[in-house]
Amino acid sequence: MKGLKNQIAVVTGGLGDLGFAIASRLSEEGCSVVLLDVAPDTEAKASSIGARYWQVDISNEGAVTAVCAAIAEELGKVSILVNAAACFIFKGVDASAEDWERINAVNICGTSLITKYIVPQMQEIGKGSIINISSVSGFIGQANFATYNATKFALRGLAKCWAQDLAPFGIRVNTLCPGYIYTRAFIDSCEKLGLDIEAEDRRAAAMHLLGRQGRPEEVAAAAAFLASDDASFITGSDLLVDGGYLAK
Ligand SMILES: NC(=O)c1ccc[n+]([C@@H]2O[C@H](COP(=O)([O-])OP(=O)(O)OC[C@H]3O[C@@H](n4cnc5c(N)ncnc54)[C@H](O)[C@@H]3O)[C@@H](O)[C@H]2O)c1
C-alpha cells in the first residue's frame, strides 16, 4: 500500500490479537512499529515482528507523555496511530460508578490521551493517520452491553470531532469497526463462561452475512489501507469490516 514505508506507527493494545495483527501488517508494509500495552511482553511478540515495545497504561497521563517523548527521541516522529487498546466490561443498567470509571478511563480517556500526545508529532511533520478501533457495537444496542457499547459509540464520535480539528494539519482520523473476530479473547470468554467454543463460533458465524467470524488479518488489512496514502481522501469516516453483520 502507498506511503507506508519508513513511517513510524504506534499501535495501542499491541499485544492483543487485533492490535498485534495490525502491527504485523504495518511492519510487513515497511513501517517502524511500536507496540504499546499495559501487559508485559512476556512472549517477546514485538521483537518477533521487528517492532519496539513500551509497557504503558494509556489512562496514566504522565506515563503517556513520557512514552510519546521516548518514541520521538528513539525512533522519530509518529505519523500513524492505531487506537486498539480496550477495557472490556459488559454491564447494562446495573453498571456501577466504578465500572464506568474503569471502562471510560481506558476506552475514552486513555485513547484521547495517547492521541493528544502523538498529534503534535504529526503536526510537526504535516501528516498523519489516526484509526480508532470501534466495533459493530458502536452502532447498535446489545443486551447487557451498555458500558462497552457506549465507549464504542464514543470512539466514533471522537474520531469525527478530531477529523474536524486535525484536517487543517493534514491529519486524517477514521474509525474501523469490526464484526466478531475469532481471537484469543473470544476463546477466553467462552472458557470463562463455560461455553462450548465450537457452538459459540457457529452462533457468532450465523450473525454475519458471510457466515463466519472474521480473522485478525482481515481487520489488519483494512487498518493498513486507512493508514496508507491509498486512503488519502478518507477522513471522519467509519469503515465496517463486519462480514455484513450490520447489513442484516
Ligand atoms: N475481537 C473482536 O471480536 C473485536 C470486535 C470488534 C472490535 N474489537 C475491538 O478491537 C480492539 C482489540 O480487541 P482484541 O480482541 O484484540 O482484544 P484484546 O483484549 O486481545 O486486546 C486489547 C489489548 O489492550 C490492552 N490494554 C487494556 N487496557 C490497557 C491500558 N490501560 N493501556 C494499554 N493497553 C491496554 C490489553 O492488555 C490487551 O492486550 C478493541 O478495541 C476491541 O474493542 C474487537
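Computed from a predicted model, the values in this text were never measured in an experiment. Start at 1 and go down the list; that is how both ligands and their atoms are numbered.
- Any N or O atom pair closer than 3.5 Å counts here, and F88 shares no such pair with ligand 1.
- Side chains of D17 and T183: a donor-acceptor N/O pair is absent below 3.5 angstrom, by distance only.
- Pairing each heavy atom of L113 with each of S59, the nearest pair is CD1-O, 3.8 Å.
- Residue contacts with ligand 1 do not include G14, since none of its heavy atoms lies under 4.0 Å from the ligand.
- Residue-level proximity to ligand 1 for D57 is carried by backbone and side chain together, each with a heavy atom below 4.0 angstrom.
- The nearest heavy-atom contact from the protein to atom 39 (O) of ligand 1 is D37 OD2, 2.7 Å.
- Figure legend: K45 and Y53 shown without cation-pi pairing, the cationic atom not lying both under 6.0 angstrom from the six-membered ring centre and within 45 degrees of its axis.
- The side-chain tip of R52 points at the ring of W54 from less than 6.0 angstrom away and within 45° of straight on.
- Within the structure, ligand 1 lacks Q213 among the residues with a heavy atom less than 4.0 angstrom away.
- Proximity to K152 (heavy-atom distance under 4.0 Å) selects the following atoms of ligand 1: 40 (C), 41 (O), 42 (C), 43 (O).
- Residue S59 has no N or O atom closer than 3.5 Å to an N or O atom of ligand 1.
- Within the structure, ligand 1 lacks L36 among the residues with a heavy atom less than 4.0 angstrom away.
- On a distance-only criterion, I58 and ligand 1 share at least one N/O pair closer than 3.5 Å.
- Contact atoms of ligand 1 toward I133: 9 (C), 10 (O), 11 (C), 41 (O) (distance under 4.0 Å to a heavy atom of the residue).
- The protein non-hydrogen atom at the shortest distance from atom 21 (O) of ligand 1 is G16 CA, 3.4 Å.
- Here the closest non-hydrogen pair linking P216 and Y182 is CD-O, 3.7 Å.
- Of the charged side-chain nitrogens involved, at least one lies within less than 4.0 Å of a carboxylate oxygen, so that R212 and E218 count as a salt-bridged pair.
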Side chain to side chain contact (heavy atoms under 4.5 Å, CB included) evaluation trace for T12 with T111: CA-CA 9 Å; T12 74; T111 298; 5.9 Å; no
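- At least one heavy atom of V106 sits closer than 4.0 Å to an atom of ligand 1.
- There is no side-chain donor-acceptor pair under 3.5 Å between S32 and Q7.
- At least one heavy atom of V56 sits closer than 4.0 Å to an atom of ligand 1.
- Nearest residue to atom 5 (C) of ligand 1 from G179, A185, S137 is G179 (criterion: closest heavy atom).
- Here is the list of ligand 1 atoms found below 4.0 Å of a heavy atom in G13: 23 (C), 24 (O), 25 (C).
- For ligand 1, the polar-atom distance check finds no N/O of G19 at less than 3.5 Å from any of the ligand's N/O atoms.
- At a 4.0 Å heavy-atom cut-off, ligand 1 touches S134 through the backbone alone.
- Side chain to side chain, S96 and D99 meet the donor-acceptor criterion of an N or O pair below 3.5 Å.
- Closest heavy-atom approach to atom 3 (O) of ligand 1 within the set I181, N132, T151: this belongs to I181.
- Atoms of ligand 1 lying under 4.0 Å from at least one heavy atom of Y148, given by number and element, are 7 (C), 8 (N), 42 (C), 43 (O).
- Between V241 and I181 there is no side-chain heavy-atom pair separated by less than 4.5 Å.
- Salt-bridge formation is detected for the pair R184/D188: a Lys NZ or Arg NE/NH1/NH2 atom is positioned less than 4.0 Å from an Asp or Glu carboxylate oxygen.
- Residue Y182 places no heavy atom under 4.0 Å from ligand 1.
- Ligand 1 has an N or O atom lying under 3.5 Å from an N or O atom of L18, backbone or side chain.
- Aromatic ring centres of F186 and Y180 lie farther apart than the 6.0 Å criterion allows.
- In summary, the side chains of D41 and Q55 do not present any donor paired with an acceptor at a separation below 3.5 Å, with no hydrogens or angles considered.
- Considering backbone and side-chain N/O of S135, none are found under 3.5 Å from N/O of ligand 1.
- Side-chain contact between D196 and C190 is absent, with no heavy-atom pair separated by less than 4.5 Å.
- Near A84, meaning under 4.0 Å from any of its heavy atoms, are these atoms of ligand 1: 11 (C), 12 (C), 40 (C), 41 (O).
- The heavy-atom pair separating V10 from I71 by the smallest distance is CG2-CD1, 3.9 Å.
- For atom 27 (C) of ligand 1, the closest non-hydrogen atom of the protein is A86 O, 3.3 Å.
- If you check which protein heavy atom lies closest to atom 1 (N) of ligand 1, you get T183 OG1, 3.6 Å.
- Considering only non-hydrogen protein atoms, atom 29 (C) of ligand 1 sits nearest to V38 CG1, 3.6 Å.
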